[in-house]
2 protein chains.
Amino acid sequence: MLAAERRDHLLELLARQGKIVAKEVAAELGISEDSVRRDLRDLAAEGLCQRVYGGALPVSPAVVDYGARQSVAPDGKRKVASVAAGLVRPGGTVILDGGTTALAVAHALPRDLACTVITHSPPIAVALLDHPQAEVFVLGGRLFKHSAVTCGAAAAEAAQNVSADLFLLGVTGVHPEAGLTTGDAEDAAMKRALAARAADTYVLASSEKIGTASRFRVLPWAETSGLVTDKDPHDPVLEQLAENGVEVLPAG
Amino acid sequence: MLAAERRDHLLELLARQGKIVAKEVAAELGISEDSVRRDLRDLAAEGLCQRVYGGALPVSPAVVDYGARQSVAPDGKRKVASVAAGLVRPGGTVILDGGTTALAVAHALPRDLACTVITHSPPIAVALLDHPQAEVFVLGGRLFKHSAVTCGAAAAEAAQNVSADLFLLGVTGVHPEAGLTTGDAEDAAMKRALAARAADTYVLASSEKIGTASRFRVLPWAETSGLVTDKDPHDPVLEQLAENGVEVLPAG
DNA sequence: CCCGTTCTTGCACGTTTCTGCATGTATCGT
DNA sequence: ACGATACATGCAGAAACGTGCAAGAACGGG
């Protein structure tokens, strides 16, 4: 591995996970921690990261350049996105829902991951423009501006023509009794249509969604494979879900 | 192996695997590392790669990206976009092509214009998110990353289901004999399909496009209604077009 | 056909850069 | 305060680098 390449890798890691742990990276890349430390020192000298004890953090968002600016998702969403991105297998096909959390997943995908991404969200399509190895398929339809996704009959029909291994579903409410809910009926229908086209459906739920419910039911728990959240797994709501057979993937 | 051939090989390698390791290439091609280094040095001098210790990397896509993304539309494109936006009638339906000029049109549309916009460009869909009165319809399909538009069979099929008053067509070349041209065959086919669905087709051509031609023909002049450009209307190329019955809308 | 020129290529040499280890110091958590 | 961990520094071997040089090929003019 080239030294400069390693440097790029560090920067990408920083943008994707929001932090770097020197020890982990050294082990992952099979190089000494000294080299990682040296790289981090250099990057910090160029103002590209902030050196901290044990690793590095992104430079404060105010100073950060344009590239990272758009990837400023709240910490919780980024953690969820990072774990969810790990569910996407190389060569696999994933349906990415709309919403800010799903957008964070798009940003969290390794830049050179070879996979197929199906989405009905134009912002996600735009975010994936610089993933050269990702084959992106956009589901057309009427643009629902509130969520920045396409929906309606045309979109639902387009969804019937695709299949995927995985659907990463964003919702606005996750509640033991109310189930998975969202604020728009059409949007809910679209999510249902997408879930029906994927072998597995994982729900993206940053902590603020847990225990809340919105107006329209999306899916029953039985049709989901699991839930990715940064909320403490010992939270009563999550424990109740786990008892009901929902696989909870912690993103702490 | 010819020197120029070797150079091409290096560039292709760079594009394919995102990096070049001098030692590996030298062994693979059976030449000395010195020659590889010399080639890389030359390529770097031409700005075709970035030289690093041990090999080379592509010119940072980040630099290109941000440059293009950040740079507000050049003056010419903005003038063209402004005039073209004026062609959109309240309550009317317009098909907006992809490309930076069409994106400028989206930005130039009055924020509360009530109209229907059909597009196969995710960035344009995103740009129209804050036009509350605009009904936006996205044509889905495989995402062609170079132009940031959807194309392919699915997109062409989706195009068959819409109709519009107006198609604002972006091209890369406007030439009296070669006609309207663009750099990608699929993209050209998509533009043709869109032109067939609109009553009128107006070409968006900022001055640098006038008199140039690209690889693939899009449309004959007969199927266009007019041309919007900021180039001096007395330009010989434009006068020749006008003689052939093309309506030239000046955007000076 | 011959000769001089130019360009390319590989080799040799000295220099720079990188990397991992060892050492001693600073910092963190308990 | 203490041990554990992370850190900076110095060092040595290895790898990559630039440069100069010479052999060979391609080319053009006489």
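Since we're looking at a predicted model, the values are computed, not measured.
- When atom types are taken as modelled, the side chain of A:Asn244 and the backbone of A:Val246 share no donor-acceptor pair closer than 3.5 angstrom.
- In terms of modelled atom types and a separation under 3.5 Å, the side chain of A:Arg215 and the main chain of A:Gly183 share no donor-acceptor contact.
- Dashed line: the shortest gap from a side-chain N or O of B:Arg37 to OP1 or OP2 of D:dA16 is not under 4.0 Å.
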Exercise for the section: Report the C-alpha separation of B:Asp187 and B:His146 in whole Å, then their side-chain angles, then the decisive distance to 0.1 Å, and conclude whether the side chain to side chain donor-acceptor pair (under 3.5 Å) test is met. Expected result: CA-CA 10 Å; B:Asp187 202 17; B:His146 176 66; over 6 Å; no
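- A rotation axis mapping the C1' atoms of four pairs onto the next four is fitted at both ends of the helix from C:dC1-D:dG30 to C:dT30-D:dA1 over five pairs, and the angle between these axes is 40° to 10 degrees.
- Nearest heavy atom pair, residue A:Arg16 against residue A:Pro110, reads NH1-CA, 3.6 Å.
- B:Lys23 has a side-chain polar atom (N or O) that falls below the 4.0 Å cut-off from OP1 or OP2 of D:dA16.
- Of the charged side-chain nitrogens involved, at least one lies within less than 4.0 Å of a carboxylate oxygen, so that A:Glu5 and B:Lys19 count as a salt-bridged pair.
- Judged by distance alone, with hydrogens and angles left aside, the side-chain atoms of A:His131 form a donor-acceptor pair with the main-chain N or O of A:Leu109 at under 3.5 Å.
- Contact annotation for B:Val52: backbone-only contact, meaning every heavy-atom pair under 4.0 Å involves sugar-phosphate atoms and none involves a base.
- Atom CG of A:Leu13 sits about 11.5 Å away from atom SG of A:Cys49, to the nearest 0.5 Å.
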Exercise for the section: Any chance you could list the contact pattern along nucleotides 15-30 of chain C? Use B for base contacts, S for sugar-phosphate-only contacts and - for none, protein heavy atoms under 4.0 Å, 5' to 3'. Expected result: --BSBBBB---BBS--
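- Between the B:His120 side chain and the B:Thr150 main chain, a donor and an acceptor come within less than 3.5 Å of each other.
- Per the geometry, CD belonging to A:Glu5 stands 14 Å off P belonging to D:dA16, to the nearest Å.
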